[in-house]
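Reviewing the structure listed below.
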2 protein chains.
Amino acid sequence: MAGKSSRAAHVRATPCSRCPLRPLPIFRNFEPEELDFVSTFKRGELVVNRGSTVLVEGSPSPYLYTLLAGWAFRYKLMPDGRRQILNYVLPGDLIGLQSSLLGEMEHSVEALSSLVLCVFERGQLKELYSRFPGLAFDVTWLAAREEQMLDENLLSIGRRSAVERAAYLLAFLAIRAKALGLAGPGPVQLPVTQQHVADTLGLSLVHTNRTLRKLAERKRIAWKDSACLVLDVEALQAIAHWSGPSEKPRPLI
Amino acid sequence: MAGKSSRAAHVRATPCSRCPLRPLPIFRNFEPEELDFVSTFKRGELVVNRGSTVLVEGSPSPYLYTLLAGWAFRYKLMPDGRRQILNYVLPGDLIGLQSSLLGEMEHSVEALSSLVLCVFERGQLKELYSRFPGLAFDVTWLAAREEQMLDENLLSIGRRSAVERAAYLLAFLAIRAKALGLAGPGPVQLPVTQQHVADTLGLSLVHTNRTLRKLAERKRIAWKDSACLVLDVEALQAIAHWSGPSEKPRPLI
DNA sequence: CGCGGTTTTGAGAATCCTCAAAACCAGTGG
DNA sequence: CCACTGGTTTTGAGGATTCTCAAAACCGCG
């Protein structure tokens, strides 16, 4: 159920000035001195394999990460093994903030694909707050955005039916992926198994399969190579009674 | 379903230096200059009645609030009226941050009892970040804590059974209330109806009633005057398979 | 070819829902 | 004082949703 905790550490250097993410239109422009500081803030890069656990529940992580490439997910486990996936982590997302602020991680993070992560040192966060209020604001911004996503997810699990829930989740992920340019002109491909979907929706694997099957019959999605192809995002949104997110230019630390 | 939006505004002045909350042991000590700034940051006090809506989904609030006294809850509505309660707001909690950062509220906040709120102006947040990195850090801290509560709530709704869910919620609220000194020596009293519990747990009112009844039969809780008396917090935690929060000294803005 | 991970299908059972109505209770106006 | 009202809690009954157990089918990979 949980992935192996092997962690193929591998450090390269890609200067922030040539960050592949920052040129994307959804990220806000940085002042030169902000960019300089982030560059020094960055301690290196970490590459991990699919299935690896990046952060572990219960342990205090000395690092903060920004995901540069790949897909991951945050989850919690109950003592008897029940798993709940809380949210998905896409490029540009910050992880490990809870540990840096509150002391201990209360959730784990696992890689859905191989990942490239920017590594920051936890201790430097205070310096960031002292010297770059704008960046500090951005960190809070990211935390507030995560909260917003969790709110919608909570509404989904609490009050939407199985089909609505599935439709919401797949539309949500497809839209996030598209905004990052992770999809070509064709349908978005989500690197998740039906087990991941089940653990996100709070449903059993069997019932999730039957629910997804209905969406597939209606040509809203398709399964290929242990991944989900999202064929019609707007139809999914309509099924979920969800009008979509209000995407504004966002910060990238 | 939603409360009346009447808002009995009433402004008094209680200087932060005589804040009734700050002396509590769970709040961290402030530097004198931090306290000074918060005092100037504070624009006044707002008193609202039970049932009033403090913040409305979809509207950009020009204010930030810290709850001084009373109970409230955050919730979202679906177009057809389904309601999901996301979390409860207790004294010392900050509300309206999402709006200040992201532009628009995506949830509403309603008073469970009459409330006293500290009012801050949204625009001053930037000044706080510039001049008091420590306070800025605190704001982020509060956001990360909210996220942590939402994570646990998501696990609850997604993976716990009805009884486990109810037990978790009531233990969670009882512990939060106790930490704030809101309970005397006796059992904690939670000012919620079974409808609130149902909308928090993602269950129907009928099934919630039958579930709570089981807990009442076992003497874990009791209902009195449209409120829940929590008789045995530890037993509830055991039912929920929940070990409780890690309460550390926390900031109060 | 055999293996492990993933998807699919069947069947019966538990959980949870909806509809409906009654009981209870504090507050309100006659 | 009493009837009436609205909000809350309680109970019954049938039905829909979702779960668990079990097994088969499928598929890339060594």
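Here is the naming used below: chain letters follow the sequence lines, and residue numbers restart at 1 for every chain.
- Here the C1' atom of nucleotide D:dT17 and the CD atom of A:Glu164 are 13 Å apart, to the nearest Å.
- At a cut-off of 3.5 Å, with distance as the only test, a side-chain donor of A:Glu146 or A:Asn87 sits close to an acceptor on the other residue.
- Here the P atom of nucleotide C:dG27 and the CZ atom of B:Arg50 are 12 Å apart, to the nearest Å.
- Side-chain contact, B:His196 with B:Thr193: a donor N or O sits under 3.5 Å from an acceptor N or O.
- Between A:Trp242 and A:Phe172, the ring planes lie perpendicular to each other; the angle is over 60°, past the 30° to 60° tilted range.
- Cation-pi contact between A:Arg160 and A:Tyr168: present, with separation from the ring centre below 6.0 Å and deviation from the ring axis of at most 45°.
- Within residues 205-226 of chain B, the residues that have a heavy atom under 4.0 Å from DNA chain C are, in order of number, B:Val206, B:His207.
- Among the protein residues, B:Thr193 comes within range of the sugar-phosphate backbone only, with heavy atoms under 4.0 Å from sugar or phosphate atoms but none that close to a base.
- Per the geometry, CG belonging to A:Leu190 stands 16 Å off P belonging to C:dT6, to the nearest Å.
- Contact check, A:Gln194 against C:dT8: a side-chain N or O comes under 4.0 Å of OP1 or OP2.
- A:Arg159 places its CZ atom 15 Å from the C1' atom of D:dT17, with the value rounded to the nearest Å.
- Rounded to whole angstrom, the span from the CG atom of A:Asp80 across to the P atom of D:dT20 amounts to 11 Å.
- One atom, CG of B:Asp199, and another, P of D:dT8, lie 11 Å apart when rounded to the nearest Å.
- Salt bridge B:Arg50/B:Glu110: absent, no basic N to carboxylate O contact under 4.0 Å.
- The nearest whole Å value for the distance from the CZ atom in A:Arg165 to the P atom in D:dT17 is 13 Å.
- Counting heavy atoms of neighbouring residues, nucleotides and ligands inside a 6.0 Å radius, atom CD of A:Glu217 exceeds 12 of them.
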